[in-house]
There are 2 protein chains.
Amino acid sequence: MKPIVTIEPNWQLCTDCAVRASAVCSSLDAVELREFEHLGRRVHFSSGETVFSEEDITTSFYNLLEGVMRLYKLLADGRRQIVGFALPGDFLGMNISGRHNFSADAIGAVTVCQFAKAPFGRFIEDRLHLLRRINELAIRELNQARDHMVLLGRRSADEKVAAFLLGWRERLVSLKGASDTVPLPMSRQDIADYLGLTIETVSRTFTKLERHGVIEIIHGGISLLDPAKVEALAAA
Amino acid sequence: MKPIVTIEPNWQLCTDCAVRASAVCSSLDAVELREFEHLGRRVHFSSGETVFSEEDITTSFYNLLEGVMRLYKLLADGRRQIVGFALPGDFLGMNISGRHNFSADAIGAVTVCQFAKAPFGRFIEDRLHLLRRINELAIRELNQARDHMVLLGRRSADEKVAAFLLGWRERLVSLKGASDTVPLPMSRQDIADYLGLTIETVSRTFTKLERHGVIEIIHGGISLLDPAKVEALAAA
DNA sequence: CTCCAAAATTGATCTGGGTCAACCGGCCTT
DNA sequence: AAGGCCGGTTGACCCAGATCAATTTTGGAG
């Protein structure tokens, strides 16, 4: 009996790509896109799988197409700091040392557009606009990183959680449109490791916010009942 | 009577520049350097002066030539997070929003090479190698930022201080050569705001390290008596 | 030199968030 | 439907580091 298998072509049209407008490739014209199409290869990862690990030699770059990823660094004794969550359109893997400087896991099912390092490097070589785009993304990330330093170093647990909810919602808004229902695909532990807190503190803060009628904890996320109040708590 | 004034020319030869090899300009050839020379202008700042402030519209980029700067962000209530210290060779001011995303003060006397935004942007426009160099610097900074997130979110006070001393020494090594005497031009408050601690905790940790014979607190810095012990404390 | 202000140190006490531990509930497997 | 597991919540207690409060030291300015 013939097995039932879904055949995924090695590549698909960039023109149909969901992240076409936001990702690195937004800087490419129609002609370049045709060539670029053959460079990338769609790859799926299931929940919890590691896409690449810190200190691994970089063999590929990744353009996240679908799903969410956690980007993190581990200390020798197992302490973990999540340095960011990746969403569709995010470009991962750039570094100068030739090794990844953080690890990346799939949170839920994930699809990436994977580029082998060498051909991608060759393609980029003389394309000023693509390099500019990558530079722009790097600078944007640098800003986010600095904002997150402020959060980690100088904000209270309440402020951290409130700022996280708003920031996460904001990113989803620009992806799927505005909503006061905020899906949280990541675990409480992930949130804790992102905010420099413990899982218990995150949980307690959530319930505190719920008791105060500011949010409602729903299955797989939260609902922002009083966004203004959350903003006040985040105290910019 | 003729006043005694030191006349500083608007520009000096890049070829003589102290940071020629390490800074952005390391990517330029001899011909480009001649043109580049006329773009930058040496400017001096004295201790404590602010070179640019967060949210200011970006009118210039800066290449730090001499001295040390603190780069920081403030919360509305005055809490401060220092996101980094700049040393000679560091390039400051890149952003995509058109506004600076952190403030920068001189720690002690500082000399910068200042570039007006527009002409610099024009110069960079079609110079792939310069853009690549800037990109490289951005990615390097991004790594540092992520490392610092781990420190802020997941390390104890002792680890933070030990890691800071080692990291700072490391940067000075690549600038002035190896030494176990580590000058600390920044105040205790600066160190505290960099590490997400209070001034008292930094001070106490220093004295604790000194009591244990690991460092010696000297005028304007510390001396690493037992670098191996400090590395053990920093616990990578 | 003396005086003053700012920076740093030190001590005493407090507390936000961590730690430890019990428990709950959804969901998968048998 | 029973059992078990895993993620999340809740409670009791603790402690690293913050806060509050004096000193002490340092560095100019006169």
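Below, read A as the first sequence line, B as the second, and so on, with proteins coming before strands; counting in each chain starts at 1. Heavy atoms only: backbone and side chains are in, while hydrogens, waters and symmetry mates are out. Quantities reported herein were computed from a predicted structural model and do not represent experimental measurements.
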- Message: Less than 6.0 angstrom separating the ring centers of F52(A) and Y62(A), yes or no?
- Response: yes
[N] [atom2] sits how many Å from [X] [atom1], rounded?
X: I222(A); N: dG8(D); atom1: CD1; atom2: C1'; result: 16 Å
X: R188(B); N: dA18(D); atom1: CZ; atom2: P; result: 16 Å
X: R211(A); N: dT9(D); atom1: CZ; atom2: C1'; result: 11 Å
X: R155(B); N: dG17(D); atom1: CZ; atom2: P; result: 13 Å
X: D190(A); N: dG7(D); atom1: CG; atom2: P; result: 10 Å
X: D193(B); N: dA18(D); atom1: CG; atom2: C1'; result: 14 Å

Tell me yes or no: between the side chains of [X] and [Y], is some donor less than 3.5 Å from an acceptor?
X: E200(A); Y: S203(A); answer: no
X: E210(B); Y: T207(B); answer: no
X: N143(A); Y: N101(B); answer: yes
X: D105(B); Y: Y72(B); answer: yes

- Does atom NZ of K117(B) have more than 12 heavy-atom neighbours from other groups under 6.0 Å away? yes
- For residues M186(B) and I191(B), report the shortest heavy-atom separation together with the two atoms involved. CG-CG1, 3.6 Å
- Just checking G196(B): base, sugar-phosphate only, or nothing, at a heavy-atom cut-off of under 4.0 Å? sugar-phosphate
- Message: For nucleotides 20-30 of chain D, give me one character per nucleotide, 5' to 3': B if any protein heavy atom sits under 4.0 Å from the base, S if the only such contacts are to the sugar-phosphate, - if neither.
- Response: BB----SS---
- Taking heavy atoms of chain B and a 4.0 Å limit, find me the 5'-most and 3'-most nucleotide of DNA chain C within that range. dA8(C) to dA12(C)
- Query: Could you state the interatomic distance from CG (L64(B)) to CD (Q114(B)), rounded to the nearest 0.5 Å?
  - Reply: 12.5 Å
- Examine dA18(D): is either OP1 or OP2 under 4.0 Å from a nitrogen or oxygen in the side chain of T198(B)? Give yes or no. yes
- Where do F85(B) and I107(B) land on the side-chain contact (heavy atoms from CB on, under 4.5 Å) test, with the steps shown first? CA-CA 9 Å; F85(B) 295 106; I107(B) 295 178; 4.0 Å; yes
